[in-house]
Amino acid sequence: MASLFALVDCNSFYASCERVFRPDLQSRPVVVLSNNDGCIIARSAEAKALGIPMGAPYFKHRNMLRRNGVAVFSSNYALYGDLSARVMNVLGRFSPRMEVYSIDEAFLELSGMPGGAERHARRLRATVLRWTGIPVSVGLGSTRTLAKIANRFAKQQERCRGVFDLDNSLRPELVLNSMPVRDIWGIGRRHARRLEAHGVHTALDFRNMDRNWVKRRMGVTGLHTLLELRGISCFGWERNPGMRKSILSSRSFGRPVECFAQMREAVACHAERVAEKLRRQGSVASGVTVFVETNRFAPGLPQYANSGFAAVHPATLHTPTVLGAALSLLERLFREGYQYKKCGVMLSGLEQEQGRWLSLLDPVPGDHCEQSRLMRAVDGINERWGRDTVRFAASGLERVWTMRQDMRSPRYTSAWAELPVVRAG
DNA sequence: TCTGGGGTCCTAGGACCC
DNA sequence: TCTGGGGTCCTAGGACCC
């Protein structure tokens, strides 16, 4: 049987999370800021209606937000991650096949549902709202790209009440014609501009384009998008991602960093974090990259950005090994006399820890086992007693460079000290 | 004073091989 | 005047996603 894809997408996810434990915010506009309180990265419907753009720098809009009584939050990933897991858990009950696509989206296979896919989707939507407090929209289509379009339509059209089935629509052309080409999944700003200059303005225009032109100008990715709009599925279930191929930890500093000692702490901190993430997905890494950069939004100041790569052999999951590689890279990269804004550590060349490739020249596997056991013990303690209970001295105690987060809500669901309190009477 | 932090895939071009 | 043809691997950079 042909696939029927459902894309389930949480409405204004971060803003909705903030509302779950704050019913008083139900009809107030809400925005959530990126790390360091830099940009606006989530807006409730009311905030969108005020014309607040996605990704706008917070400091440029602060007064306007205050004037309009907008509730502003620093991002609280502990809360969003936990609520996301709850939503995904509920979704899993509604289909034998599901792929979590991002923190707030999942694809589900909904072909052959008794009573029809749309009814099933409406039940799903009501259940997620009742059990988690998060409103979602559902789009149905015969390909992922069409499901994305259906989802967008469901959000835009009040009369859809959160669910739209493009596959069962009487006039799918009308829907495609109402969708600007820049809103198609897989067509970004660059390609959208070129297409518009070429007289292609809607998803319908794009669907009717010459496939050779598209292939030539937009590569196979563009061609796949075109075919998906025509109902030919190019992104099926088999390419199910699962394991990451690279892992990054990076942050902007709360204030500029100039001295090597502080930069060293920050890099060490990212090295620890990134090795932790690596172990969580059961991998080992054979490459470490470190990068540093100054503030590119301050062109008046001296600019410097650089990165360095080191191969690690044999592939490792051992924090001290990653840490050592990262710190010696930093010594080569660091230059005095700059105000640094950001740094990060990336791991690449990832393989599964189990069944990885071994060489005759490698040190005895016993080393690896011992390191692996040690790191698991450390991870176990930190999981149980909280992040950084056991940590490496190199990552510092003071950490004056950490980000600003002045308006974070409590971690209602993941920290004992911050549970919501219910008062009687 | 203040502009996020993750990821993926594809392509072109160079080095190298037979 | 003429200067093969095919392949692999790697890397940097572009484009896209949330």
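This is a predicted model, so every value here is computed, not measured. Note on naming: letters A, B, ... go to the chains in the order of the sequence lines (proteins, then strands), and numbering restarts at 1 for each one.
Residue contacts for A:Ser75: at a heavy-atom cut-off of 4.0 Å it reaches no nucleic acid atom on any strand shown. A:Arg251 comes within 4.0 angstrom of the backbone, heavy atoms only, and of no base.
Between A:Lys245 and B:dC9 there is a side-chain N or O to OP1 or OP2 distance below 4.0 Å. Under 4.0 angstrom from either OP1 or OP2 of B:dT3 there lies at least one side-chain N or O belonging to A:Lys341. OP1 or OP2 of B:dG6 lies within a sub-4.0 Å distance of a side-chain N or O belonging to A:Ser250.
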Going 5' to 3' through nucleotides 11-18 of chain C, assign each nucleotide B (protein heavy atom under 4.0 Å from a base atom), S (under 4.0 Å only from sugar-phosphate atoms) or - (no protein heavy atom that close).
----SSSS
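Distance CG (A:Asn295) to P (B:dT1): 13 Å, rounded to an integer number of Å. Rounded to a whole Å, the CG atom of A:Leu33 is 15 Å from the C1' atom of B:dT1.
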Please set out all donor-acceptor pairs under 3.5 angstrom arising from side-chain atoms of residues 54-70 of chain A, sequence neighbours excluded.
from	atom 1	to	atom 2	distance (Å)
A:Asn68	ND2	A:Met64	O	2.8

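By the neighbour-count criterion of 12 heavy atoms within 6.0 Å, atom CZ of A:Arg216 is densely surrounded, having more than that number from other residues, nucleotides or ligands.
The strand DNA chain B forms stems, runs of 3 or more Watson-Crick or G-U wobble pairs with distances below 3.5 Å, at B:5-18 with C:5-18.
The shortest distance between side-chain heavy atoms of A:His368 and A:Leu317 falls below 4.5 Å.
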